Each structure stands twice: as structure tokens, then as C-alpha cells.
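Below you'll find the structure, written out as C-alpha cells, and then a few comments.
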There are 2 protein chains.
Amino acid sequence: MFTINALSRTPVYEQIVDQIEKLISAGILKEGEQLPSVRSLSIQISVNPNTIQKAYGELDSRGITGSVPGRGCFVMPNARERIKSRAKEKLSALTALVEELLQAGVSREDIIKTVDSITSKKEESK
Amino acid sequence: MFTINALSRTPVYEQIVDQIEKLISAGILKEGEQLPSVRSLSIQISVNPNTIQKAYGELDSRGITGSVPGRGCFVMPNARERIKSRAKEKLSALTALVEELLQAGVSREDIIKTVDSITSKKEESK
DNA sequence: CTAACTGTACTATGTGTCTTAGTACAGTTA
DNA sequence: TAACTGTACTAAGACACATAGTACAGTTAG
């Protein structure tokens, strides 16, 4: 269920945060549902419990999940909406990347062609 | 001429590499031209000479520049083409980012609109 | 030739982040 | 009561990044 790349430059706890957000966005983890416990998940993916705790803490602070001592960590009711609005802010990253490609001499055609091919691909699976 | 963000997660030497590549792509640093010396640039942007050396070494290994002991570091004749082909490989990063946004629930319209607005803006300054 | 420059190669040190390890405490629940 | 839950610590190690200082060899202008 989780894939951790220990060699990546992005920290493990951040990889966990990203993947949980994706699971929620995809509807695999439903709102209100309980996440694996800190300890069980740490064993499952061979990572220290502290690292999981850090990931859950980050999700909590984003309002994606809510942790209750003694009970567990649960997906918040409006989690998907929060993730979506966070992602919308990431459109600036898209802007930066496209500008970088343009400045490096990549043609508009190549860029637009790439974006179109993905967005249309996703259209089919609708 | 150089702007270093010491707080960024991307290493200083990498920021230098990026900015030099941009200067070359933009035609400000021309092919065959000599870059500032390791020591002078280190003073100019208040960074350790070793950090500059690491940046120049990276550029050398990419074939963007060529360093000659005793003479200096020079922009290679085919530098712009090398940068462009490297950037083309980065189209996969664009793919990944767009897919991430889609999965997070951002609409195709928002994505395409963002890309179009940038590419058309650059069209004007042609 | 000399002096001042060039890149390069080291060692040593400090720092910050990430991760692991271990322990402990309080709340929840079957 | 026992086994679970999240949480909060301290301590230690690993690693990349950056700084500091020194040294060497090649180049070049005077």
C-alpha cells in the first residue's frame, strides 16, 4: 500500500504524507476512515514510529486528518476539499516549471503537446 | 547578477548551476565566454570558494562549461544545445506534476489555462 | 623571471535535517 | 485489566552542505 524510496532526496515522512493524500484524493481512503496506527504502519513499511508520527502530525496540521490520543488518526470530513485547494496553490509550481523549460529553449509545441496528452488520457478514464 | 537563497532546500551550488544555465540559455553568457573566477565569484556572492568549485565542476561534467587550470572556466561551444536537450528530458517532470495536480482534484481547465497563459505571454516577447 | 592570477585537491570543522532507538505517559476500548 | 491508541521526550548516528584554511601546478601579464 505504501512505497518508500529511502534514496530519494525528499524525506520519508514527506513521502508518506504525499501518498496518504493521494489515497484520499483517489477515494481509496475515505473521509472519516481510520488510518493505520503509528506503530503498525511503522512495522508495515519498516520505518521508525517517530517518522510516522511526524507524517501524521503534518497531516493533522494541514487539516487533512485528525488524531485523537487513545483512539487513532482519522481522515477529516473535508479532507479532499482541503487537498484540492492546496493543490490549486501548486499551479504556481507549474508556472515556474513551464517558464524554466521555455527559457531553456524547449518549444511551446512540445510543452503543450505533453500537457494535452496527459489531460486527454485522464479524460478517457472518466 | 546572482541571487542566492540560503534558506532554500536546494543547495547553494545547485542554485548557482541553475542560474548560470539560465544566463547561457538567455544569451547573456555567450558560448566561449569566460565565467568569473572561482575566487572572485565567491567574494561577489559571499559564498565559500569550495561551493563555487562544486558548481563549476557540475557544469563541467554536464559539458556546459570547460575548466582549464591556470586559465579559467569557459562556456562550451555547444552549451545551449546541451541545456536544451537536458531540459527536454525534464518534460517527464512536467508530466509528473500535471498528473499530481489532476489526482489532487484540480480541473483540466485550470491546468491548461495556466500553461496557455504562460506560453502565450512568452509569444509576445518574441 | 616574477607576481598575480587561474583551477584543483586536500583536511578539518560546524551545522542542520532526517532518521533511528528507547522510554514514558495518558487516554481509549474490548 | 490488558492491549491498544497518540504523544512527548532524550540521545545518538548518518548524511549532505557549507565554511575555513592550506597547498600545488598551470597560465599570463608586467
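Proteins get letters first, then strands, A, B, ... in listed order; numbering begins at 1 in each. Only a predicted model underlies this, so the values are computations on that prediction, with no experimental measurement involved.
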**Prompt:** Side chains of S37(B) and S40(B): do they bring a donor and an acceptor to under 3.5 Å?
**Reply:** yes

**Asked** Any link between F74(B) and I64(B) through a network of hydrophobic side chains (Ile, Leu, Val, Met, Phe, Trp, Tyr) touching at under 4.5 Å?
**Response** no

**Message:** Measure CD1/I52(A) against P/dC18(C) and give the value in whole Å, please.
**Reply:** 15 Å

**Asked** Could you give the CG-to-P distance, from L35(A) to dC4(D), as a whole number of Å?
**Response** 19 Å

**Asked** How about L41(B) and L35(B): do any of their side-chain heavy atoms sit closer than 4.5 Å?
**Response** no

**Message:** Does a side-chain N or O of T51(B) approach OP1 or OP2 of dT19(D) to a distance below 4.0 Å, or not?
**Reply:** yes

**Nucleotide dT19(C), atom C1' - distance to CG of L41(A) in whole Å** = 15 Å

**Asked** Can you find a donor-acceptor pair, distance only, under 3.5 Å between R39(A) side chain and dG6(D) base?
**Response** yes

**Request:** Using both distances under 3.5 Å as the test, list the Watson-Crick or G-U wobble partner of dT8(C), or none.
**Result:** dA23(D)

**Item:** Atom-to-atom span, CD of Q53(B) to P of dA23(D) - whole angstrom
**Value:** 17 Å

**Message:** Do K22(B) and S25(B) make a side-chain contact, defined as non-hydrogen atoms from C-beta onward lying under 4.5 Å apart?
**Reply:** no

**Prompt:** Would you say dT5(D) has OP1 or OP2 under 4.0 Å from some side-chain N or O of S37(A)?
**Reply:** yes

**5'-most by nearest nucleotide on DNA chain C - V38(B) or Q15(A)** = V38(B)

**Item:** Among dC17(D), dT19(D), dG7(C), the one nearest P11(B) by side-chain distance
**Value:** dC17(D)

**E58(B) CD - dT8(C) C1' separation (whole Å)** = 16 Å

**Fill in**
Walking DNA chain C from its 5' end, the first of P69(A) and G72(B) to be reached, judged by nearest nucleotide, is G72(B)

**Request:** Look at Y13(B) and dA18(D) and indicate whether a side-chain polar atom (N or O) is within less than 4.0 Å of OP1 or OP2.
**Result:** no

**Asked** Expressed in angstrom and rounded to an integer, what is the separation of L7(B) atom CG from dT17(C) atom C1'?
**Response** 14 Å

**Request:** Provide, to the nearest angstrom, the distance between the CD1 atom belonging to I4(B) and the C1' atom belonging to dT19(D).
**Result:** 15 Å

**Message:** Strictly below 4.0 Å, N to O, side chains only: are E100(A) and K84(B) in salt-bridge contact?
**Reply:** no

**Asked** dT19(C) phosphate, OP1 or OP2: any side-chain N/O from K54(A) under 4.0 angstrom?
**Response** no

**Item:** E58(B)/K54(B) ion pair, N-O < 4.0 Å
**Value:** no

**Item:** Contact under 4.0 Å: S67(A) side-chain N or O vs dT7(D) OP1/OP2
**Value:** yes

**Request:** Ignoring the backbone of N50(B), work out which of dC24(D), dC10(C), dT7(D) is nearest its side chain.
**Result:** dC10(C)

**Prompt:** Within the structure, does a side-chain N or O atom of R71(B) lie under 4.0 Å from either OP1 or OP2 of dT28(D)?
**Reply:** yes

**Message:** Checking base pairs now: Watson-Crick or wobble, both atom distances under 3.5 Å. What partners dT29(C)?
**Reply:** dA2(D)

**Request:** Can you figure out which of dT7(D), dG7(C), dC17(D) approaches the side chain of Y56(B) most closely?
**Result:** dG7(C)

**Length of the CZ-P vector between R9(B) and dA18(D), whole Å** = 14 Å

**Request:** Name the residue closer to the 5' end of DNA chain D, choosing between N48(B) and G70(B) according to the nucleotide with the nearest heavy atom.
**Result:** N48(B)

